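Reading through the structure tokens given below for one structure.
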Amino acid sequence: MTGNEERLTRSFYERDPLMVTKELLGRYIVRETGRGKIVGKIVETEAYIGPDDKGSHTFNNKKTKRTRVQYQERGLAYVFSIYGKNFCFCIVVGKDHEPAAALIRAVEPITGIELMKKNRTIKTGKIKDLTNGPSKFCQAFNITAKDYGIDLCGDDSLYLTKGEPADETSISRSPRINIDYAEEWKDKKWRFYITGNKFVSK
DNA sequence: CGACCGATCCTC
DNA sequence: AGGATCGGTCGT
């Protein structure tokens, strides 16, 4: 495996949410399984920043069973279900205990491609389709509700490493996807991706 | 307790 | 372009 294998520490996540979300690009996310290791390079992220952001689940400091982890320690996993069968994976980020999350929208498969194929329901031969969307990535890495709230700085089965941080010059940004309800907040360019990387979602 | 709906995926 | 699908959320 290429890339720096040191873990990202909690202090990495305890900073400005937009900065952290951008600097997640190029980092590696690792899932240890009984059958081996699954590794992906993060190539697309989005920032959701309560309490002002109408696109965020924590808009207006909304506290529910689902969002409670966003008010806890930085570096925890915020996993939620969407459209019945699908999950999305975020990392709790930001200063103090202000609610904010960085959504992982796509990764580039690095290690364990056969395991990813096995985990995905769709059996396409194309590597590109394994992880190029937030819920496709969760499927490939077997991330489900059971992973809600786990500490990515301390857990042995799911964590992030320093990897190959993306150059500032290779990063693009755009409005976030599928938040038409967010009114004036939907146009904020809080989606970050590695320019030209073919594993970015469509 | 019931109604609504989504940080999406997949097939048509 | 449209259907699937179900837990979280909220109003009653």
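Since the structure is predicted, the reported quantities are computational estimates derived from the model, not experimental observations. Naming: A, B, ... by sequence-line order, numbering from 1 per chain.
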side-chain N/O [X] vs [N] OP1/OP2, d < 4.0 Å:
{"X": "A/Asn86", "N": "B/dC9", "result": "no"}
{"X": "A/Lys62", "N": "C/dC10", "result": "yes"}
{"X": "A/Thr64", "N": "C/dG8", "result": "no"}
{"X": "A/Arg120", "N": "B/dC10", "result": "yes"}
{"X": "A/Arg66", "N": "C/dT9", "result": "yes"}
{"X": "A/Thr121", "N": "B/dC9", "result": "no"}
{"X": "A/Tyr181", "N": "B/dA7", "result": "yes"}

(request) Stems involving DNA chain B: give each as a range paired with a range, ordered by first number, where a stem means at least three consecutive Watson-Crick or G-U wobble pairs under 3.5 Å. (result) B:1-6 with C:6-11, B:8-11 with C:1-4
Basic-acidic side-chain contact under 4.0 Å: [X], [Y]:
{"X": "A/Asp52", "Y": "A/Lys188", "value": "no"}
{"X": "A/Glu14", "Y": "A/Arg74", "value": "no"}
{"X": "A/Glu164", "Y": "A/Arg27", "value": "no"}

Using a heavy-atom cut-off of under 4.0 Å over every strand shown, decide if [X] touches base, sugar-phosphate, or nothing.
{"X": "A/Phe87", "value": "nothing"}
{"X": "A/Tyr78", "value": "base"}
{"X": "A/Arg105", "value": "sugar-phosphate"}
{"X": "A/Ile122", "value": "sugar-phosphate"}

Which one, [options], comes nearest to the side chain of [X]?
{"X": "A/Ile179", "options": "B/dC9, B/dA7, C/dT5", "value": "B/dA7"}
{"X": "A/Ala101", "options": "B/dT8, C/dC6, B/dA7", "value": "B/dA7"}
{"X": "A/Ser135", "options": "B/dA7, C/dT9, B/dT8", "value": "B/dT8"}

Rounding to an integer number of Å, can you tell me how far [X] [atom1] sits from [N] [atom2]?
{"X": "A/Lys85", "N": "B/dT11", "atom1": "NZ", "atom2": "P", "value": "13 Å"}
{"X": "A/Arg176", "N": "B/dT8", "atom1": "CZ", "atom2": "P", "value": "12 Å"}
{"X": "A/Glu44", "N": "B/dT8", "atom1": "CD", "atom2": "P", "value": "10 Å"}
{"X": "A/Tyr148", "N": "B/dA7", "atom1": "OH", "atom2": "C1'", "value": "15 Å"}
{"X": "A/Trp190", "N": "B/dA7", "atom1": "CH2", "atom2": "C1'", "value": "14 Å"}
{"X": "A/Glu46", "N": "B/dT8", "atom1": "CD", "atom2": "C1'", "value": "12 Å"}
{"X": "A/Lys136", "N": "B/dT8", "atom1": "NZ", "atom2": "C1'", "value": "9 Å"}
{"X": "A/Asn178", "N": "B/dT8", "atom1": "CG", "atom2": "P", "value": "4 Å"}

(request) State whether a side-chain donor-acceptor pair under 3.5 Å links A/Glu44 with A/Ser201. (result) yes
Does [X] count as lying over the ring of [Y], i.e. NZ or CZ under 6.0 Å from the six-ring centre, within 45 degrees of the axis?
{"X": "A/Arg191", "Y": "A/Tyr193", "value": "yes"}
{"X": "A/Lys162", "Y": "A/Tyr28", "value": "no"}
{"X": "A/Arg10", "Y": "A/Phe12", "value": "no"}

(message) Which residues pass the side-chain contact (heavy atoms from CB on, under 4.5 Å) test with A/Tyr83, not counting sequence neighbours?
(response) A/Asn86
